[in-house]
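In each ligand, atom 1 is the first atom listed, and ligand 1 is the first ligand listed. Everything numeric in this text was worked out from a predicted model, so none of it was measured. When reading the values below, keep in mind they use all heavy atoms of this one structure, side chains included, and skip hydrogens, waters and symmetry mates.
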Amino acid sequence: HRTIHQKDYSVPDYLIDTVELDFDLAPECTRVLSRLTLHLNHDTGNGQRPLVLNGDDLKLVSLKLDGVELPTEYYQVTDQQLSIPDLPERCTLEIGTEINPAANSALSGLYASGPMLCTQCEAEGFRRITYFLDRPDVMAIYTVTLKADKKSCPVLLANGNRTAQGELPEGRHYATWHDPFKKPSYLFALVAGDLVHKAGTFTTCSGRTVNLEIYVEEKNRDKCDHALLSLKRAMQWDEEEFGREYDLDTYMVVAVDDFNMGAMENKGLNIFNSRYVLASPESATDADYQAIEEVIGHEYFHNWTGNRITCRDWFQLSLKEGLTIYRDQEFSADMQSRPVKRIEDVKLLRSSQFAEDAGPLAHPVRPESYVEINNFYSMTVYHKGGEVIRMLRTLLGKEGFRRGMDLYFERHDGQAVRVDEFVQAMADAGGRDLTQFMRWYDQAGTPVLSISDSYDEAAKTYTLTVSQSCPPTPGQPEKLPFHLPLALGLLERGGREIPLRLSGEGAAGGTSRVLEVTEASQSFSFLDVPSRPVPSLLRNFSAPVKVQYPYSDEDLMLLMAQDSDPFQRWEAGQIQAVKLICGLVADIQAGRPLVVSEPFIAAFGKLLADLDQDSAFLAEALTLPAESYLAEQLEVIDPEAIHQAREFVRSTLGERHWDLFLAAREKCVAREPYHPDDGLSGCRKLKNLSLSYLMATGKQQAIELGMRQFESADNMTDSLGALSPLSNCDCPERSQALAAFYQCWQGDRGVIDKWFTLQATSRLPGTLSEVLALLEHPDFDLRNPNRARSLIGAFSQANQVRFHEKSGAGYSFLADQILKLNSMNPQIAARLLTPFSRWRRFDPSRQELMKQQLQRILAEPGLARDVYELAAKSL
Ligand code: HT7
Ligand code: ZN
């Protein structure tokens, strides 16, 4: 398998002006006729060049040059490439191909999802439809005609505006679509199926009416309201926050059941995994509603950051993805509680991206090379990329950042550009030199800030010394210092925040400020500091780094109670909980008895008793760090000890604060029927968290409380809030509740996914056997990515203690499934492989067992590029 390097980029030899596509659609045999007008790209300065078009799994059936059939000696064709050595400077090519969507289990290109046909072209799926210059810097105007059987496919959709439609002989019909905007092939889309749509309108800031249409199967007609509402909110928000108006007359969203990722931003015709569209109060949780809003927002925001301005090449993927993640995070923060959203985002980054950055698959936000680009739709490119944008926002301030965004749109609308162009726009708008900042794009690894301090009592001066380092990552043994914003405050012991004046400054400027760290080691002196303060460091997680500072328990208690930044209050509690649980892990390993410290129990109780606080925030503050995050803190991961220690703390807290948890539940009893927008989602979170602590005690009274909630719930949040702890409980009620849940929801794909996940993530010892039995369940289907993820992904990625069972049975199970998926759907197979990439972090016996499975996978003949790359790099 060939490696593609960023440094080898060269501009395309030909450019395509217009594309006319005719699809004669049928599930088993679709004929595609593509008419391209193209011309030699004079920017190469190379003169006449052969035209080399990409293909993948294609059958060429006809080829004409300027209207004349091209004799076979004038071109070379394989299923991967069509080369024509001699072409006039300007010409028209007509290429006929034949494809089989029904056999396309990779879900890339044109494929069947149930009875409908749809496309997924990012990153390189268009070449599975027709021979093309399938690269994002070739942008063209598309006109598309779809022909299909009218009965099975009454709805025919493509990008842009419908310009014609009509009847054809033999019960067929057609529709023609024209997209007035130039776009790269990865944004092409079509859908043909028997769908209904929920319609709405949005009036833009310039007064244009945009038709909004959410397409779903008839049975899901009543599950689109939230998606439509979210879309309107996203459109409004992008106008208000970034001055971006939608540019076509129609915006369509189609829900499909078989989809490799979350959704796709195809111009004017988004295609979505149905889990990010469909919702009803009975079947969707508050978290599902929130995820729909976020993904609808994300794809909508791509219209400007991704579609109007796209990437020059796939190394620049974070140009659109990091920026759009930042935009969707800000949108969600404005729609709900900002501090809680920040906490959620940081939790995800620290448990998943930090782990990626610390392992053999670490890569820069802008990778240097890849074997399969699909493997780089990663936590690093998306979420660390989002943090990099957030740092620019922090460094430039609100106005400076907005000016930078405006300048970027003004300069590059309609172009395919690099990350460099984006950062240059920010630098020019902010009057800043961001040369050093670019290292965030090109150096992998999570930097560590070691911070020490000293206080000069006589001079009333407090000095912080910040040293930064970054561990080696594959291909990058040494790193240069990063440019990063370090937001901080200083608290007096009484809790007052000290006005901050740096040495050399005239007057103090507020109690929170951003220091710019640029050197390997740097000191900052604050004047007029009345007593030795407690520093509140990296406020709001101002940079994606790890901070080392020797906080005492007393310091952390102060920050937890008094810091003006809610993120820091949460963070101080987490640091304490990590300390406690990691200490218990050591106790378990040394065979010492386990005790939860009294001050911790007391501080937790104090928090829990303060029910006047925002419930969503309180629920976050009362949630112990995840097992995956705790694992990251240990030298050698011991999944059993981590689980045992964390559960010991949970059951102790449940017992010691029994009455407080009951009171928290009481406070959150709903008086009205459920509505996702009732402002009570935080309350439900706190109520269900309290139930989980009560149930961690194993007391029959708690189990009965859980059963009562499960039986009387009028919404999925409360139903799962009870069923989830029940599924971890070795009691007769468990199987009773799981069976009742299945009976009730059989036929609802989204809910049955949850049912599979509940069982896959149960911490009970028999889970692997249950998972193996569930593989044979009539509702299990390895070909459906959501279902595969709900069972195999959930077990291997969200159930550390059972997946890493000493016998290695979890490992051989996962390898079996990866090998089955390898030929079926390589993208999904590769994504399931990540737990194996962490093998070095475990004890020698587990290391050996995981390595054996990786070697077994690598020895498989016909390994897909996707799986090969990750397995080979992991070893
Ligand atoms: N830009 C979209 C990426 C995507 C994708 C990539 C590879 C294979 C399948 C895919 N489906 C969607 C999603 C997004 O970031 O908005
Ligand atoms: Zn995206």
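- Closest to atom 7 (C) of ligand 1 by heavy atom, among I373, N266, N374, V295, is N374.
- With a cut-off of 2.8 Å, the Zn ion (ligand 2) has no N, O or S atom of E299 in range.
- Interface atoms of ligand 1 facing Y377, defined by a heavy-atom separation under 4.0 Å, are 3 (C), 6 (C).
- With a 4.5 Å cut-off on side-chain heavy atoms, E860 and L819 count as touching.
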Pair R783-N825, side chain to side chain contact (heavy atoms under 4.5 Å, CB included): steps then yes or no: CA-CA 8 Å; R783 287 177 187 265; N825 187 333; over 6 Å; no
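- At least one cation-pi condition fails for R233 and F331: the charged atom is not both under 6.0 angstrom from the six-membered ring centre and inside a 45 degree cone around its axis.
- Taking every non-hydrogen atom of H302 and a distance limit under 4.0 Å, the qualifying atoms of ligand 1 come out as 14 (C), 15 (O), 16 (O).
- Listed by number with element, the atoms of ligand 1 under 4.0 angstrom from any heavy atom of E265 are 1 (N), 2 (C), 13 (C), 14 (C), 16 (O).
- Remark: R312 is positioned above the aromatic ring of Y9, its terminal NZ or CZ atom under 6.0 angstrom from the ring centre and at most 45 degrees off the axis.
- Under 4.0 Å from ligand 1, not a single heavy atom of S108 appears.
- Aromatic pair Y370/F315: centroids less than 6.0 angstrom apart.
- Contacts with ligand 1 closer than 4.0 Å are made by no heavy atom of T324, backbone or side chain.
- Atom 13 (C) of ligand 1 has as its closest protein heavy atom A263 O, 3.0 Å.
- E321 and H298 form a side-chain donor-acceptor contact under 3.5 Å, judged by distance and modelled atom types alone.
- Cation-pi geometry between R327 and F242 is satisfied (NZ or CZ under 6.0 Å from the ring centre, within 45° of the ring normal).
- Of all the atoms in ligand 1, the ones that sit under 4.0 Å from a non-hydrogen atom of K320 are 1 (N).
- Annotation: angle subtended at the Zn ion (ligand 2) by E321 OE1 and H298 NE2 is 120°, to 10°.
- Taking the ring centre of F181 as origin, the terminal cationic atom of K267 falls inside the region bounded by 6.0 Å and 45° from the ring axis.
- Here the protein heavy atom with the shortest distance to atom 14 (C) of ligand 1 is Y382 OH, 3.5 Å.
- At under 3.5 Å, not a single nitrogen or oxygen of N260, backbone or side chain, sits near a nitrogen or oxygen of ligand 1.
- Where the criterion is an N or O separation shorter than 3.5 Å, residue side chain and backbone included, Q827 fails it with respect to ligand 1.
- Among all non-hydrogen protein atoms, the one lying nearest atom 3 (C) of ligand 1 is E122 OE1, 3.3 Å.
- Salt bridge status for R418 with E421: present, with a side-chain N to carboxylate O gap under 4.0 Å.
- Residue-environment remark: CZ (R275) stays at or below the threshold of 12 foreign heavy atoms within 6.0 Å.
- Of the protein's non-hydrogen atoms, the one nearest atom 4 (C) of ligand 1 is M261 CE, 3.7 Å.
- For ligand 1, the atoms sitting less than 4.0 Å from at least one non-hydrogen atom of E299 are 14 (C), 16 (O), numbered in the order shown with element in parentheses.
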